[in-house]
**Q** 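One structure coming up, written as structure tokens, with questions to follow.
Being a predicted model, the structure only gives us computed values, none of them experimental. Sequence lines set the chain letters: A, B, ... in the order given, protein chains first and strands last, and positions in each chain run from 1. No hydrogens, no waters, no symmetry mates; every other heavy atom, side chains included, goes into these values.
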2 protein chains.
Amino acid sequence: MSEPIRILLADDEPLIRSGLAAILSLEEDLAVVGEAGDGAEVWTQVRKLEPDVVMMDVRMPRMDGIEATAQLVANTGRLNRAPRILILTTFESDDYVYDALKAGADGFLLKRARPDELVRTVRAVAAGESIVFPAKLRELVADRQDSRQPGQPDLVATAGLSSRESEVLQHLAHGRNNQEIAQQMFLGVETVKSHIGSILAKLGVRDRTQAVIAAYESGFIRPGK
Amino acid sequence: MSEPIRILLADDEPLIRSGLAAILSLEEDLAVVGEAGDGAEVWTQVRKLEPDVVMMDVRMPRMDGIEATAQLVANTGRLNRAPRILILTTFESDDYVYDALKAGADGFLLKRARPDELVRTVRAVAAGESIVFPAKLRELVADRQDSRQPGQPDLVATAGLSSRESEVLQHLAHGRNNQEIAQQMFLGVETVKSHIGSILAKLGVRDRTQAVIAAYESGFIRPGK
DNA sequence: GGCGCCGTCCCCCTTTCGGGGGAGCCCATC
DNA sequence: GATGGGCTCCCCCGAAAGGGGGACGGCGCC
């Protein structure tokens, strides 16, 4: 392994920063090189540290994560390398996913995500993958309503959802219950429950309703289809 | 010309229905496939017949055209194709128009319109055009976010929801369970359940997840807030 | 070959939901 | 003053959901 991935953490809550740092530092290939307490500090820190990944909360005093993202994107020309931007959200209170993506974020992450998910996402973003939804993929996802081709791999990497899982999520977003999903997918109810369990875990949510909300908020599905 | 445009008529006055049916049936490319005598019948008929266009009066017994529209929009996910909704009205009363658009109607028609106008409008709506107001206005209409004032009457007429009910729906849309809603609204869990029961009935949906979907699809809430 | 992930299905268990009643209070409209 | 709706709460009950565990074949990767 050559160089570790350099990470800048921005969150107004020191406890959160510490927690994230603790989790991230357990990985050899990840290094937290700096922290910022609000959005306004982000740019100065980025210019100084030139991190690979900036991980920041949407809600921060003085300048929120969206503005800070826009500011970063606007100023990438002044940097040697443009950092990748990962937005942290709690999703219940702040659903700025759309705006964040529009501003130029490369991915977003629920604060409740499991450590392994967190780490995986950071690596993926650093590697250039747009985890959550690059504008293009988002449309693809919205468009491929009837992708019932069994052979088709279905690239959706929403939040690390497998293809089967995102299929189930589609059904959830249509308001179907486990039995209906099972019938339509030709599966046992137990299997559906199993998939849903994985979905809930990966999305970091508690129940199917929250999963559907997450699907809407992330752009996985959109009103009016 | 391949398939005719399938039309469902909803009006409490049989004479009006017959009149409309007579006019519409003169056209080869239009077919009246069913009728409903009030708003409550609309959804069941739509589910059964899956028409291309639903033409309904604003004023109907049991459930008016606005509510019926909202119910339809709320449930489009359960259909193969979402029907287009055309509202019939006697006057150009602004508030109806406003409410109907908010509920998700696609066009308007005055009952005193000439037959050719009538037919033209049906074709246009079926073709996906938003006759009366462009789709954009619909989004503008949906712009009533901050209804956090307890005293505020809250204009939301989404589906005939009372103010308390739409409050609860807001909570649902945030992924909260009954207990959490009860705590935050200072109510007993039973009361919350009672409200939710009413919400489900009025929206014509089965469970909270479908209610949340309805909220998104009707514009009651929107991604990114 | 082993490891890990995926996909399928099974068990048991508790909690949550939602439907069915009903009741009392307030306030409007008729 | 009756009727109706909204809001509050109560009961019981069955169904659905979700967490926990485990099992097994397949596939890809090292």
**Q** Would you tell me if any nitrogen or oxygen in the side chain of A:Thr191 comes within less than 4.0 Å of OP1 or OP2 on C:dC9?
**A** yes
**Q** A:Gln210 CD to D:dG18 P: how many Å, rounded?
**A** 10 Å
**Q** Starting from P on D:dG19, measure out to NE2 on A:His195 and report it in whole angstrom.
**A** 15 Å
**Q** With a 4.5 Å limit on heavy-atom distance, are the side chains of B:Val42 and B:Gln71 in contact?
**A** no
**Q** Around B:Gln184, counting heavy atoms of other residues, nucleotides and ligands shown, do more than 12 lie under 6.0 Å from its CD?
**A** yes
**Q** Taking N or O atoms only and anything under 3.5 Å, show me the protein contacts with nucleotides 3-5 of chain C, one pair per line.
**A**
none

**Q** Tell me, yes or no, whether the heavy-atom count around A:Gln183 atom CD, taken from other residues, nucleotides or ligands under 6.0 Å, exceeds 12.
**A** yes
**Q** Please determine whether a side-chain nitrogen of the Lys or Arg among A:Arg206 and B:Glu180 lies less than 4.0 Å from a carboxylate oxygen of the Asp or Glu.
**A** yes
**Q** Scan nucleotides 17-27 of chain C against the protein and return all N/O pairs shorter than 3.5 Å with their distances rounded to 0.1 Å.
**A**
residue, atom, partner, partner atom, Å
C:dC17, OP2, B:Asn178, N, 3.4
C:dC17, OP2, B:Asn178, ND2, 3.4
C:dG18, OP1, B:Arg208, N, 2.6
C:dG18, OP2, B:Arg208, NH1, 2.9
C:dG18, N7, B:Lys193, NZ, 3.3
C:dG18, O6, B:Lys193, NZ, 2.8

**Q** Rounding to an integer number of Å, can you tell me how far B:Glu165 CD sits from D:dC7 P?
**A** 6 Å
**Q** Determine the minimum heavy-atom distance between B:Leu172 and A:Thr209, stating which atoms define it.
**A** O-CG2, 4.1 Å
**Q** Under the criterion side-chain contact (heavy atoms from CB on, under 4.5 Å), I'd like the reasoning laid out for A:Asn178 against A:Arg208: C-alpha separation, chi angles, the key distance, then a yes or no.
**A** CA-CA 10 Å; A:Asn178 295 347; A:Arg208 68 209 293 111; 3.0 Å; yes
**Q** If you pin A:Val189 and B:Phe186 to their nearest nucleotides in DNA chain D, which one's is more 5'?
**A** B:Phe186
**Q** For the side-chain contact (heavy atoms from CB on, under 4.5 Å) test, which of A:Val46, A:Val53, A:Leu8 pairs with A:Pro83?
**A** A:Val46
**Q** Can you give me the closest heavy-atom contact between A:Ile213 and B:Ala173, atom names plus distance?
**A** CD1-O, 3.1 Å
